[in-house]
Amino acid sequence: MDMHTVVVGTSGTTAEDVVAVARHGARVELSAAAVEALAAARLIVDALAAKPEPVYGVSTGFGALASRHISPELRAQLQRNIVRSHAAGMGPRVEREVVRALMFLRLKTVASGHTGVRPEVAQTMADVLNAGITPVVHEYGSLGCSGDLAPLSHCALTLMGEGDAEGPDGTVRPAGELLAAHGITPVELREKEGLALLNGTDGMLGMLVMALADLKNLYTSADITAALSLEALLGTDKVLAPELHAIRPHPGQGVSADNMLRVLAGSGLTGRHADITGDAPRVQDAYSVRCAPQVNGAGRDTLDYAAVVAGRELASSVDNPVVLPDGRVESNGNFHGAPVAYVLDFLAIVAADLGSICERRTDRLLDKNRSHGLPPFLADDAGVDSGLMIAQYTQAALVSEMKRLAVPASADSIPSSAMQEDHVSMGWSAARKLRTAVDNLARIVAVELYAATRAVEIRAAQGLTPAPASQAAVAALRAAGAEGPGPDRFLAPDLAAADTFVREGRLVAAVEPVTGPLA
């Protein structure tokens, strides 16, 4: 467990805090202001609960059953029952980091003082996170509207000491046993509290925040691999000149071009096509080489927009109804996941296109008719061995799946709750497929890196001098276990090592001592 402590106040949280809690086990603590806001909002809910007039979520049923007034003696049972009935998820377990993000972000909204939840319930949420207890949450069950209902319900079950959860040792046990083992008393829910624990976009938001963190690394890694491929193909770096990108001032395009130019600084390969092959001078490189900054950059700009949306959502209090500062408790539609769902789908689209252009450069490196003097498939002894032929097949299969994952989930809607909830965002589904897309993209970039570093080594053997940053990337990758192809070498473990090298940010770390910090 990371001993770093994240303090949860009334004004939201940051992406960095989400990652710290979800992935690194940072501890969570409620601020004094949050505890005060929780107590003040609870007084308002208690006052409304004592009145004869029905208030949604406090003294009524839910969704299509909101017209029924619930008598005081049944309200605690109502709150328990909404959690139990909504914990209807199915399918494989969701990853631990996703569940921790889900719980933390729900706590963030609860701590805002707009939900009417008692301070002791919020403290129990923090205690469960700090104990390393992770509710068992399932893949299917959220439509991304009225919140990620089923996933959040499984988390709320754990707070009640019901259902199953994973302990810090990785063993799944009854939640009541885990709470008892850590000295945590299960909560007994009161008016509105069950509803408040379920009604948010926390799952899809948590997955968006983590995807943005991963994609930032992958886009920088893709700039590096594109530069390596350009170098290995004896392409020209003139297309990366700042003055060219200044006249089409998309911010991400300029950043990617600058990253590539810095990786290629000092290269003895760029622009040497005719010297090595004896062919006529090349006027232009192929689009996959020449337009890398435009494609990578457009993806970067999409990441920036998605980060703006995530930032707004991280500052939001998503619940229904909400307690307003003037004491009103009002129903609303802020639980609708459309803003988050759209950007999750946008990111799946740009990830697919980045994967596609990476694969095209890899294929060019392996084709002796287009690689300008490299051996077929970068094989050690072409014909005796197949080199990276099937590595490109694997990459192509991943790209094909990426295109399927790019089909938007948010364009769909399916009515629920007897047509009360007749338009939904499908944001949870968008987030789940984006996680798969990001995972695949790391593998795709790794295959290009593997091919490009092998090709750079071959160029060095031909008597040319790669850029210092390229040499650093090759050396670090080889030290990480991803050896180049040769007699009797089995490729699969090498590709796995390259994959780990990319997704852990080690490629970026390897070249930055030479290039300086890359964006």
Side-chain angles (χ1 to χ4, degrees), residues 12-13 15 18 22 63 86 89 91 94-95 97-99 101-102 104-106 108-109 137-153 155 198-215 298-299 301-320 332-353 402-417 419-441:
T13 190
V18 174
H86 284 40
V94 172
E95 303 86 355
E97 65 176 26
V98 172
V99 180
L102 178 74
F104 173 66
L105 288 168
R106 196 70 216 138
K108 175 268 299 182
T109 282
V137 173
H138 300 280
E139 178 83 14
Y140 303 108
S142 174
L143 299 179
C145 200
S146 289
D148 290 318
L149 289 173
L152 282 163
S153 296
C155 293
L198 314 185
N199 218 338
T201 55
D202 309 292
M204 63 183 91
L205 176 59
M207 287 185 273
L208 171 60
V209 168
M210 290 186 286
L212 285 169
D214 293 336
L215 286 168
D301 290 342
T302 305
L303 262 65
D304 287 345
Y305 171 64
V308 169
V309 173
R312 292 170 182 158
E313 199 76 357
L314 288 168
S316 300
S317 297
V318 178
D319 192 18
N320 181 46
N332 66 91
N334 284 343
F335 50 74
H336 200 289
V340 182
Y342 295 160
V343 295
L344 288 162
D345 281 333
F346 297 165
L347 293 179
I349 291 169
V350 298
D353 200 39
M402 293 282 280
K403 294 173 182 177
R404 294 191 294 272
L405 293 168
V407 176
S410 59
D412 186 30
S413 176
I414 189 162
S416 56
S417 193
M419 293 299 287
Q420 176 72 3
E421 299 169 8
D422 60 352
H423 185 276
V424 298
S425 77
M426 302 308 294
W428 174 273
S429 298
R432 296 306 295 165
K433 69 183 182 66
L434 177 60
R435 280 184 70 83
T436 302
V438 171
D439 201 36
N440 285 351
L441 181 59

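We use all heavy atoms of the structure for the numbers below, so side chains are in, but hydrogens, waters and symmetry mates are not. Positions are given from 1 along the sequence.
- Partners of E97 by salt bridge (charged side-chain N to carboxylate O under 4.0 Å, His left out), not counting sequence neighbours, listed by chain and number: R23, R435.
- Exactly one residue among T302, L441, V350 makes a side-chain contact (heavy atoms from CB on, under 4.5 Å) with L215. That residue is L441.
- With sequence neighbours left out, the side-chain contact (heavy atoms from CB on, under 4.5 Å) criterion links N320 to Y56, N199, S331, N332, F335.
- Of all heavy-atom pairs between C155 and V99, the closest is SG-CG1, 4.1 Å.
- The minimum heavy-atom distance linking S413 with D422 is given by the pair OG-O, 4.1 Å.
- In terms of the side-chain contact (heavy atoms from CB on, under 4.5 Å) criterion, residue partners of S416 (sequence neighbours excluded) are, by chain and number, L143, E421, V424.
- In this structure R404 satisfies the side-chain hydrogen bond (donor to acceptor under 3.5 Å, both in side chains) test together with S400, sequence neighbours excluded.
- Side chains of M204 and D148 form a contact here, defined as non-hydrogen atoms less than 4.5 Å apart.
- When the side-chain hydrogen bond (donor to acceptor under 3.5 Å, both in side chains) test is applied to N440, the partners found at least two apart in sequence or on another chain are E401, R443.
- Residues satisfying the side-chain contact (heavy atoms from CB on, under 4.5 Å) criterion with I349, sequence neighbours excluded, are A406.
- The shortest distance between side-chain heavy atoms of S410 and S425 does not fall below 4.5 Å.
- Counting heavy atoms from C-beta on, the side chains of R432 and Y140 never come closer than 4.5 Å.
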Check the pair D353, M402 against side-chain contact (heavy atoms from CB on, under 4.5 Å), reporting the backbone distance first and the verdict last.
-> CA-CA 8 Å; D353 200 39; M402 293 282 280; over 6 Å; no
Please table the atom pairs, donor to acceptor, closer than 3.5 Å between any side-chain atom in residues 336-344 and protein atoms at least two apart or in another chain.
residue, atom, partner, partner atom, Å
H336, ND1, A338, N, 3.2
H336, NE2, H423, O, 3.2
H336, NE2, H423, ND1, 3.3

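- Using a 4.5 Å heavy-atom threshold, the side chains of N334 and D319 count as separate.
- When the side-chain contact (heavy atoms from CB on, under 4.5 Å) test is applied to T13, the partners found at least two apart in sequence or on another chain are D17, V18, F104, L105, K108, L314.
- Scored by the salt bridge (charged side-chain N to carboxylate O under 4.0 Å, His left out) test, D345 finds K433 as partners (sequence neighbours excluded).
- Residue A306 comes nearest to L212 through the heavy atom pair CB-CD2, 3.9 Å, listed as atom of the first residue, atom of the second, then distance.
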